[in-house]
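Inspection log for the structure reproduced underneath, given as structure tokens.
Chain letters run A, B, ... following the sequence lines, proteins first and then strands; every chain starts at 1.
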Amino acid sequence: MGGDSRYLGLAYVAPYVAGLLIFTAIPFVASFYLSFTDYNLMRSPQWSGLDNYTQLFTRDRTFRKSLSVTLLYVFMTVPLKLVFALFIAYILNYRLKFINFFRTAYYVPSILGGSIAVAVLWRYIFADSGLVNMAITAFGGEPVNWFGDPSNALFTITLLRLWQFGSAMVIFLAALQSIDKTLYEAAAIDGAGKWHTFVYITLPLITPVIFFNLIMQMVQAFQEFNGPYVITEGGPLKSTYLLPLYIYEEAFKKFDMGYASAIAWVLFAIIMVLTLIAFWSSRHWVYYAGDKRS
Amino acid sequence: MRKTTTALAVIMAVGAGSASAADLRMSWWGGDSRHVATQEALKACGEKHGHTIKPEFTGWTGHQEKVATQLAGGTEADIMQINWPWLPLFSLEGDGFADLNEYSDTIDLSQWSQAQLDSATVNGKLNGLPVSTTGRVFFFNKATFEEAGLPLPATWDELIEAAAVFKEKLGPDYYPFDAQGGNDGLGAILNVSLVTTQMTGKDLVDPATNTVAWTAEELQKGIEFNQNLADKGGIRDWKTVAGGGNVDLFELPAWSEGKIAGSYEWDSTYGKFNDPIENGELVPVGLLTVEDAVTEGVYRKPSMLFSISKNSENPEAAAQIVNCLLNESEGIEALGDTRGIPASRIAAETLAEGGAINPRLLEAHKLVIEAEGPTVSPFNEHPEVREIFKDALEEFAYGNISAADAATEIVDGVNGVLAKF
């Protein structure tokens, strides 16, 4: 290996580093600066100190509403999605007929789920005269106003997220398959039932993967935009007005870039704090192979 | 082959030597028909004046963000199609775009009325040229009204009476009109504004004081009027509209099937609303007015402007192209009515003589032009004003606040926004 190959390596990473700097690092730092300014795109930013943050925490009712909706959404979506993904992965871990077909079929929504097309489809499925209400009325039930009732709208958006459980499921499936089969055989000999085997063998052994999925899903859920934007545009009564929608509207509808940056940084801080809490708590419930505690 | 190459080289050399030849860019939003027509027009006008114009076009969604980012970075196109309500956002002091008064030798400004030019002028600077004038009119589905045995309504009272007949003869899910909710609340905002203007004779904003012209009591009556329409079954209520998700009215099966048989829309959108109708056609109708109306209260405005970038390196060439698009036969004929009925007199006359305009669109436009009402302030469409309006009307529609509280919230909130300007 001569010096040339060393430069070749640098050349290989250069496009990525350039992209990281231009599209992530510089905007990241710039947005932090802008969050302390009054900036409407048309004039150069005017330093305003903590004004944006003060307004955000003391006078902005929309922010409070949007924040509570976002937290509710994340706390509803993430656990439900993890449980659901694990449940499906557990079923797909059995040697069933056509198992590969089922694995693919359950993964497909994850590929499609983030797209606008599926959000549009969701809008039609849950519309007042949509597929779900047709099914409910066919069984003699009363149609439900999924999007028009503030208490249902967020739940409907949550379902869309839940439906995209595929990527978490695949990771769970890989973890389940990596568990040593002899542990199950030993447990069976000792007379352990399915439930006990799952709780005392499977779950502890996949805690690193649960932890990984928890962090990833939480971060993604905080950044959800497409679903509520396309399906309800944040309504009714701002019941689906997640923070990313608020950031978008402040930045690109009202051109208040400084304020939008401040909201974005608050969102970043929330994600950071919750991630740190998750990492701190992981010492008590995540077990790694070779861990002396186990 | 050699001869052809030599000829090309000579032509290119002559072209390069021409002082007036310029490379320009033009940006706009629109649908396919507008994209095709505009590219043809640019080609024709470019050939006529010896310039090349690179087209940059998108759909409506995201175009404002694109223009804003370009203006912020100084990379905007030489010629831009600008939405009229964007003027206070992008050119508050009038210096966001080139002042077209400076190019009056190149652009024939006499093709526009003074009122039209005034609407595009900020601080004495002509920020753009109105491409077309648009306004809201009523469209009704003739077939549905005939099925109910009713003539098209001419007053609000007739519309309310029609609601009862619709329910009785056609079914509970039939409505003669639509003016409530939706996720942006636009239907409700515009209808409340219309009836409040009719009752008071004033637009939302008093231009003399730059404050809300309506009292909270006056606006409250407008809000209650719209709610009464929903209570009587004349329009769908807010919750029902929201239940359909974030979908445009003209995309709803209830619209194409004629179950929702009327709306209050831009005249230039006649085709968009008429195309999906399965039976019969939409008929444009003059503004329904409240009892003792002070004015018809037409909501009329320049639909869009052609502006020239203040950073353009070739503003004179850009002005030639703008004049060609709006005032010269090459541009007029190629553009047709893809941006509504042209505001330029010569363009409107040329198209009308050539029979290039849909007669119903012409009828709708005539209603808009002939109706009277106070001048509409662009602040009606300011995003913060719209948001305040929508939030208060929605809270009222869901029964969380009274009409009086909603009116007070709107008046105070909009005054707060106006105070910033």
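Contacts with chain A (heavy atom to heavy atom, under 4.5 Å) involve these residues of residues 398-407 of chain B, listed by number: B/Tyr398, B/Asn400. Against chain A, the residues from residues 88-96 of chain B that qualify, each with a non-hydrogen atom under 4.5 angstrom away, are B/Leu89, B/Phe90 in number order. Along residues 126-158 of chain A, the residues that come nearer than 4.5 angstrom to chain B, judged on non-hydrogen atoms, are A/Phe126, A/Ala127, A/Asp128, A/Asn145, A/Phe147, A/Gly148, A/Asp149, A/Pro150 in order of number. Inspection of non-hydrogen atoms places A/Leu41, A/Met42 of residues 41-63 of chain A under 4.5 Å from chain B.
Taking every heavy atom of both residues into account, A/Lys238 and B/Asp391 meet most closely at NZ-OD1, 3.0 Å.
By the neighbour-count criterion of 12 heavy atoms within 6.0 Å, atom CZ of A/Phe87 is sparsely surrounded, having that number or fewer from other residues, nucleotides or ligands. Heavy-atom contacts from other residues, nucleotides or ligands closer than 6.0 Å to OH of A/Tyr16 number 12 or fewer.
Comparing A/Tyr248, A/Trp122, A/Tyr124 by how many heavy-atom pairs each has under 4.5 Å with chain B, the most go to A/Tyr248.
Here the straight-line distance linking atom NZ of A/Lys253 with atom CD of B/Glu384 works out to 13.5 Å at 0.5 Å rounding. Atom CZ in A/Phe255 sits 4.0 Å away from atom CD in B/Gln64 (nearest 0.5 Å).
The closest donor-acceptor contact from the side chain of B/Glu394 to the backbone of A/Leu237 lies under 3.5 Å. A donor-acceptor pair under 3.5 Å is absent between the side-chain atoms of A/Arg123 and the main chain of B/Val247, judged by distance alone.
Neither the backbone nor the side chain of A/Val120 comes within less than 4.5 Å of any heavy atom of chain B.
Taking a cutoff of 4.0 Å between a charged side-chain nitrogen and a carboxylate oxygen, A/Lys254 and B/Glu387 qualify as a salt bridge.
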